[in-house]
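Reminder, nothing fancy here: chain letters follow the sequence lines and each chain counts from 1. Since the structure is predicted, the reported quantities are computational estimates derived from the model, not experimental observations.
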Amino acid sequence: MALVEVDKTPATADAPEQRRMMLHMGPSHPAMHGIVQIDVELDGETITNVQVEIGYLHRCFEKMSETVVWNNVFPYTDRLNYVSPLINNVGYAMAVEKLLGIETTERCQWIRMLVSEVSRITDHLTCVGASAMELGSLTVFLAFVEAREALWECVEELTGARLTISYVRVGGVKGDLPPGFAGRLRAAMKIVREKMALGDKLLTRNRIFVDRMETGPTDRAFCHRWGINGPWGRSAGLDYDVRRDFPYLRYEDVDFDVPIGTRGDNYDRYLVRMEEMRQSMRIIEQCLEKMPAGELNVDFEGKVIKASDMRDLGNAGLTAGLVMDYSVAADPTLNGAGKDIVWTVRVGDREVSLPPKEEVYGSIEGLINHFKLVMSGHGIRPPAGEAYHAVEGGNGELGFYVVSTGEDRPWRVRVRPPCFVIMSALHEILRGLMIADIVPTFGAVNMIGGELDR
Amino acid sequence: MPNTTALPSVERLLPQVRELLGPKVLASHCHRGDETILVAPGEIVSVLAALRDDKGLDFDTLMDLCAVDHLPRRPRFEVVYHLVSLAKRQRLRVKVPVEEKSPSVPTVSGLWPGADWFEREAWDMYGIVFEGHPDLRRLLMYEQFEGHPLRRDYPVNRRQPLIGPRN
Amino acid sequence: MGVLNAFTSKTDALIGWGRKYSLFNYPFVTACCGMEFMALAGAHYDLDRFGAAFPRFTPRQSDLLMVVGTVSHKIAPVLRRIYEQMTEPKWVVAFGVCTCTGGFYDNYATVQGIDTIVPVDVYIPGCPPRPEMVLDGIMKLQEKIQQEKAGLLVRRTEVLPELPVPYTNRPDFARAIAENAPRRPGAEGGR
């Protein structure tokens, strides 16, 4: 394929020189969040040819996964789609669990579903906000970042980190929800709703925004052919959502709608994403209601004292009666929280889950169990075989294909990155558009470098 | 409450697939509910076309294409295709064994254009040639890079910097 | 001489004061840290309070290069070129542990610290660093700028060795541009 065809006939007064212009957009371009290079060939302002060059953020996720033990892959999965890290965590964990043939506890499944949906909202908020900013609407970006901040504070309270959370473990999650989490998450969702209403008001009927977004149409057959799904596919009428079509976790037990677009242009993608955020909030509400065992497992009443308070008192020398009179409770979000909490969010299989610290420090069996799981050459050993598990990521089907040879580290971890597929079709989508349409179209791809280049 | 993680290993599709493809299926198994067939490299295009066009199976989407390196084992490589039927909501995995010596598989980008970049990536990472591919170039690495980094015998930290020290 | 010394130290202080509160940054955003950079630029943490907020999306108009996120060997020449395009005086902030040392990506694709490519003034580790850490890093940079003894016309940074080859990952494209779109004299190589 010759990218460059130049008409070399000399210019005359009647026929000015016809020369196609070539332009590199990227790798570091103001209108591109993320590093990707789009080489365009222009005839005037119309795009006649496109080549997309990726790989600038190749960080060897797949190679690194082969060098670490099964549980240590989680930090790398955080950094795949770093806008919705919790979904990646869940996807990888479920693929490994499928290989192991274990089923997680019910509460764990509800928590995983809850955090996945929180992540989906942050993903869509970032995508819509950043695209709006690139089209000149900085206010929406600031509002959506603020909404995302509210959700991240909840995520931080739960997982200990804002972005790279490593919250999920094979066979469970790190810890239980903190006390009062439901109320704070509802408050955060209230902020999200307010900011979304603001964004809606500023964008949805804004003439400039609509005119620029009614570009880059794709139809259902195109998405089907290229394997595009997720919000992009749904906007074009491809009615496929992994949560509904291959239900995992507890998605069968909650009500939600899958929004479908009709025209498949950028404006539809924007509307689909906005609606998906509302549906995610609906799912979160149902999770909070339907989750078993209440929202709080420990109470700090009576003779129970927080571990941190006990330490502080001990440091201050106020030890009189401290050990005798009180029993200690750690925060339920922590790894070492009590037995009753840990076994509700982690599967009881002792070849998979780290035992609670109470057992590790309290019994020789627990200590040996812990060592067997963390020592080099031991650890989790899924039986030899392979498994593919897909979850609905922020951009479409996020599949993990894991291959085990029965050792303590993966033989192969493969990610099916959803935005990779859209990027592979981008040259077809962009051809024939105007150069200014690259910005909204590329924004609607929601390209995430970590996921695209891995 | 059934859960996808604990699916029974029941063959739902494989009888139908075997009937359709006959002797082209070299082997088949169902592990953890993932139904898998193994076919020869020469047959892959006709097999995938048959699976796509069969009305009963209707595997209309190529969800993923990747390669695996089983280094000491022979044949060394495997190319893995994950098919999905959107309408029938079912999945199938097709695997192709590839020999280490001159590894090559016919391209399926004629069936699904989406296979284009997947195949480029597999070439980049494993050095598997996809015969008939319109534009088989490196995708993630740069042209000056030598070797295929995801092969098991490529050391994880052998860097080939374009500028700067070789640390 | 004493009078002159007093004069230059006063002008240095004045110039430093002016420079440290008018940092125009060029965000070279590659990866996860970009999300925290967004949070930082947003209203909640508000980098604007430190006079370092306004992103200039061209290196020629900026004096603070913020390298945000992992730098791979494929992007390394681009980073270097952007650094060279910036006008003096210029400073570089390594945002996130990947830019400081490569982080936990000790592998074939990742640059093990951007200081092997461009000189770095402030390192902000963290994966990603919290916005508070970045604000602290910016304040450290401002202190550093304030104390600099650079006069008006003094070139601050050392000159880096030339890039070994004109870098492009699309040689056919670059050739076509060179043949068909001749540049003005002295503007070869994107400089």
### Closest contact, heavy atoms only, A:Val145 versus C:Ala39
CG1-CA, 4.0 Å
### Task
Write down the atom of A:Leu57, the atom of C:Thr70, and the distance for their closest heavy-atom approach.
CD1-O, 3.7 Å
### Query
Is chain C contacted by the side chain of A:Ala130, its backbone, both, or neither, given a heavy-atom distance below 4.5 Å?
side chain
### Message
Less than 4.5 Å to any heavy atom of chain C: does that hold for the side chain of A:Arg59, its backbone, both, or neither?
### Response
both
### Query
Is chain C contacted by the side chain of A:Pro85, its backbone, both, or neither, given a heavy-atom distance below 4.5 Å?
neither
### Query
Does any donor atom in the side chain of C:Tyr108 or A:His58 lie under 3.5 Å from an acceptor atom in the other side chain?
yes
### Query
Do the side chains of A:Glu53 and C:Lys74 get nearer than 4.5 Å, heavy atoms only?
yes
### Query
Is any side-chain heavy atom of C:His44 closer than 4.5 Å to a side-chain heavy atom of A:Trp152?
no
### Query
Of the non-hydrogen atoms in C:Val78 and A:Pro27, which two are nearest, and what is the gap between them?
CG2-CG, 4.1 Å
### Query
Between CE of A:Met64 and OG1 of C:Thr110, what distance do you get to the nearest 0.5 Å?
7.5 Å
### Message
Give me the atom names and distance for the closest heavy-atom approach of C:Cys32 to A:Leu163.
### Response
O-CD2, 3.5 Å
#### Entry: Heavy-atom check, side chain of A:Arg162 versus side chain of C:Pro131, under 4.5 Å
yes
### Task
For each of A:Arg79, A:Glu146, A:Lys63, tally heavy-atom pairs with chain C at distances under 4.5 Å, and name the one with the top tally.
A:Arg79
### Task
Determine yes or no for a side-chain-to-main-chain donor-acceptor pair under 3.5 angstrom, with A:Tyr76 supplying the side chain and C:Phe104 the backbone.
yes
## Note on the structure
Residues A:Cys60 and C:Ala109: closest non-hydrogen pair is SG-CB, 3.5 Å
### Message
For a quick test of reading the model, state the closest non-hydrogen atom pair linking C:Ile75 to A:Tyr56 and the distance between them.
### Response
CD1-CD2, 3.5 Å
### Query
What part of C:Ile82 lies closer than 4.5 angstrom to a heavy atom of chain A: side chain, backbone, both or neither?
side chain
### Query
How many angstroms lie between atom CG of A:Asp123 and atom CE of C:Met35, to the nearest 0.5 angstrom?
9.0 Å
### Query
Checking A:Glu451 against chain C: side chain, backbone, both or neither under 4.5 Å from a heavy atom?
neither
